[in-house]
Structures are given as structure tokens and as C-alpha cells.
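Throughout, a chain's letter reflects where its sequence line sits, starting with A, and its residues are numbered from 1.
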There are 2 protein chains.
Amino acid sequence: MTLVEHSPLTRKLSAFVALSDVELAVLERLHQRRRSFVAGRDMVHQGQTARAAYILSAGWVCSYKLQADGTRQIVDFQVPGDFLGLRSVLLRTSDHSFEPIVDIEAAEVMTSDLLEAFAQTPRLATAILWAASRDEAMVVEHLVGIGRRGADARMAHFLLELGSRLALVGMGSKEGFECPLTQYHLADTLGLSAVHVNRVLRQLRESGLVTFRDGHVAFHDYGGLVELAEFDPAYLDQTGPLLK
Amino acid sequence: MTLVEHSPLTRKLSAFVALSDVELAVLERLHQRRRSFVAGRDMVHQGQTARAAYILSAGWVCSYKLQADGTRQIVDFQVPGDFLGLRSVLLRTSDHSFEPIVDIEAAEVMTSDLLEAFAQTPRLATAILWAASRDEAMVVEHLVGIGRRGADARMAHFLLELGSRLALVGMGSKEGFECPLTQYHLADTLGLSAVHVNRVLRQLRESGLVTFRDGHVAFHDYGGLVELAEFDPAYLDQTGPLLK
DNA sequence: CGGCTCGTTGAAAGGCCTCAAGTGGCGTGG
DNA sequence: CCACGCCACTTGAGGCCTTTCAACGAGCCG
């Protein structure tokens, strides 16, 4: 371990495998092409073919799908340390859009760079595939939540998952985390109306479980929330007790 | 094209890329280790680590996740030509279970066989990754459906998607298809109660759109269904007009 | 024949949505 | 400096969609 401050991605992957100095160097080199995007303007539009992937280093992004009737469904969020559009590079289609929620910083990664890094360090490849697999598991869990959980449990589960993900890159704890999302984001994520999101949040707050307010999430009764949501973080594959 | 009858997987991949005789041979060789499973008994349990993947050649399977309160959410179905557990081999976790809906035939594929095949024929690797990407897009679309479509549109969309998938392997058309699912399967898939599934099916039948009965789905008004579901098959990436 | 699964239907309850109105913070322009 | 508009949030009332509970019929198998 060096004293150099590592990127969020490095922090995240380190939770999965201990990376050697060489691997760390390769990883940091992937961050060379830095780019910024402003909040609100889509980075990638539905139907567009992406040529590069991004590693998010600061800010939040959501990926969503728009329907003919104007409603939208947010599929996933990306927070610092997450890949963005990894599949559309390794594979083919980008059938949803990406929107920065706040101004963001990201590193552009060309397909060739990535494949080269993979060839150099197989362990790094494994770690990145782990991250991709984890993203997929989160989408599945999201599906389960919308299909089979009531609005309050759904909300609780979502906030807990977000907390765990952020804890992995040092941006959250069992106390809470900073959160730039609006209640409309929550509604489009959880398949609820914005009005109902407001009511659910009030209920959770008045139950003394969690407060979502002024860009900050505060867990008041972590255990109680876990119970309400039936939150089992196994699918996140963050073996250890990271939230301490 | 030879006169030999090809496996469903071969049929499916051929819709994406034209495969050479060599590639066809490699693909067929992956089908060597044939296995059977009986209906109802899980092939892989939640939490278990899978060592192999399967190529489904006959029968239907569903992958689902069980919750603490006993409800279950079906994430996806596998029909002939589909991979099963591909991710848990290439990646790591198998966080959901697989249950054969009827007695099935499948070919067991060891990780090493797969990687060898990939090395021999890059185009085949591309085609298989296309299939994997398509599976992922279907999960996302499923998420959108549960989150943002009403029960009737959800049902219509599901049946249309299934029809398209089956058409790709010659098991369905715009007229309909054979379907071994029960209304309970539909309920667990669509995030509805079995009772409501029954009512929705009745309504669709009485509207003259589609009939689901006795193991058979009959499209009576394909265009009307497409309109109701706002079904845009772009995400299936089956470029051509396969349903003719 | 009894038990089981799958399907069907009715009635009542409840969760979530839509419509509607109103608050407060913040940036912009007169 | 204040008016204005916009956005995020808040709260109430009414209604629809979906669920739950309950009962019953049909087919299948031991």
C-alpha cells in the first residue's frame, strides 16, 4: 500500500482482490483520458452506439429507459468507482440512456486500452468482471424489489444498497451518506409516483428509521431498516463487514 | 447450409451472424455432454456455485429468486437455444435458482470447452456474447415492464417477447406458440397475484387479442397486442422481420 | 374415491395513483 | 430591491387497480 490517494475504482476493486503494485499502476493508467460532463445533459442516448466506456471518478449518473408514454424507468445508478457503458463496449447494444445527475468527472476508456490491460494483468480482468457481475446482480435485485416488495420495503432496500455501495468507496457508512437525488429520481427508480415517494419517506422518517432530506440520507435505526427491507447484502458480494 | 438439422442454439446464433462450416462444427461439438433434468427439481440452488453452464436443447427453465417471506420473483425464462448459468461460469456468483418447468434436455459446457471454442473461432465468441447481451437487455426490459406498465400491457408485452424468442428457434410465429407455463408462473414473473393474472388473461381473451389456454398461446390480433404493450422489439436485436 | 394442482369467479379491503392546491428556496430580470 | 417563475417538496381527497380471502369446478393420479 502506498500513501498515494487511490481512485474510487481502485478502492472498490481492492475490496475484492488485493492488487499488486503493477496491477495498481495499470489500473491508474486507465484513468488518463479525463473528461467532464454537466448535470442534466445525456451522455449517451437510447439507441446510440457507444464507442468507449467510462470510469466514474466523481459525481452521480443514472441509466434509464424512456417509454412511449413519457414515463421513465431508472435501471441503475452509477457512483464513483463504477463503470459506465462497459457492456456496450464489450458487447454491442446500448439500449438505454445515461444522464449525469450532477456535474461529473470520468475517465474515458477505449476498448483497446481495456483489452490491453486485461492481457497484461489477468487478475485485474477478474476483478473488473467481478464488478460487472455485481452490477448485473443489482439489476436483478432491483427487479425483485419492484416485483415483490411493498413501497416502504422497496425504499428501505434501495437506500441500504446505495449506502453499502458508497461505503465501498469511502463515501458512506451506517450513519448515512450525501445524496444528490431528488424524490423524482426515487420515484422513477422504484416504480412509484413522486407523491407516494414523499409519503413513504415521511413514514420512514416518523418511524425513526431513516431521514432523506436536503441532499443527505441519515440512518437512524440501521438494524430496523435491514429488517423492514429484508436486506441481505449477499448479492453485493462484499464479503466482509464493510459497514463498520 | 447443410441439410443436417441444427441445434436451437445454432439456429438462434445464425440470426445474428452467418456461421461457417468450421464454426458450426465447433458449436455442435459443444453439445457433446448431454444431460437430462426432470421438471420441478432445481438444477442450481440460490447461493450454490455453479461449475458448468448448460445449453438448453429441449424444454423450458425459469430462473428465479426466493424471498424470506416465501414469495418468489421469476427473473427470466430459458427456452431451447438459450444458455443457462453462463454468467456464473464466466464470472462468479449464482445468486438465483434454476428450475426446469418441464423435463428438459441440455448440454453441459465446461468452462474450458467454452474458452477453447472462443479461442478457435472469434466470430463464435462474438455471437455468444451477443446472446448474453441480449439476455441482459431482456432483464432490463422486464424491469421496465414491472416498474412502469399496467398489468394488461405487462402481460401482452411478456407474451409478445416470448413469441419473438421462440420464433427465432422455429417454435413460434405470429399465430402463437406452445407454452407449458401455468398462471402461477405468469404471476411470479409479472409481479402480480395469480388471481389477477387470471382476470387479465380473461380480459385479453374477451378483447379478441390473445388466448392463453391448455398450454397454447394464440395471437388473435397481433397488431393490437403490439399497440397495447407498446412492444418495440429493438432490444431483442433480431434485426430482420423474423416473425413472418 | 380422496387428494392434489390448476384454473375460475365473487366480494371486500387496501395500496398506490391522480388531481389539486399550496409552501419555500433560489435565480433572473425589471 | 422586489417581483416573478421555476423547481423540489408537501399534503389532502377521491378513486382505480390489484390484492386477499373464500369458495368451487375440472382433470389427474395413487
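Gly191(A) comes within 4.0 angstrom of sugar-phosphate atoms only, judged by non-hydrogen atoms across all strands, and of no base. Counting non-hydrogen atoms under 4.0 angstrom, Ala194(A) reaches nothing in the nucleic acid. Base engagement by Arg199(A) is indicated by at least one non-hydrogen atom pair under 4.0 Å involving a base atom.
Of the residues in residues 176-183 of chain A, those placing a heavy atom less than 4.0 Å from an atom of DNA chain D are Thr182(A), Gln183(A), in numerical order.
Taking atom NE2 on His196(B) and atom P on dT8(C), their separation rounds to 15 Å, with Å as the unit. Atom OH of Tyr184(A) is separated from atom P of dC17(C) by 14 Å (rounded to the nearest Å). Rounded to whole angstrom, the span from the CZ atom of Arg213(B) across to the C1' atom of dG27(D) amounts to 15 Å. In this structure, Glu206(B) atom CD and dT9(C) atom C1' are separated by 12 Å, rounded to whole Å. Spacing between atom CG of Asn198(B) and atom P of dC24(D) amounts to 18 Å, rounded to whole angstrom units. With rounding to whole Å, Asp214(A) atom CG is found 14 Å from dT10(D) atom C1'. The CD atom of Gln203(A) sits 16 Å away from the C1' atom of dT10(D) (whole-angstrom rounding). Atom pair Leu192(B):CG and dG15(C):P shows a separation of 17 Å (rounding to whole Å applied).
Considering only side-chain atoms of Arg202(B), the nucleotide from dT10(D), dT9(C), dC16(C) that sits closest is dT9(C). Taking only side-chain atoms of Ser193(A), from C-beta outward, the nucleotide of dA22(D), dG7(C), dC17(C) with the closest atom is dC17(C). Side-chain proximity of Ala151(A) to the nucleotides dT9(C), dC16(C), dT10(D) is greatest for dC16(C).
Aromatic pair Phe77(B)/Phe158(B): ring centres closer than 6.0 Å.
If you check the side chains of Ser57(B) and His31(B), you find no donor sitting under 3.5 Å from an acceptor. For the residue pair Tyr235(A)/Glu161(A), the side-chain donor-acceptor check at 3.5 Å is satisfied.
No side-chain heavy atom of Arg154(B) sits under 4.5 Å from any side-chain heavy atom of Val200(B). Within the 4.5 Å cutoff, the side chain of His157(B) has no heavy atoms near those of the Leu225(B) side chain.
Taking the six-membered ring for Trp and thresholds of 30 and 60 degrees, His96(B) and Phe98(B) have ring planes inclined between 30 and 60 degrees apart.
Interatomic distance, CG of Asp188(B) versus CG of Leu181(B), reported as 11.0 Å (0.5 Å rounding).
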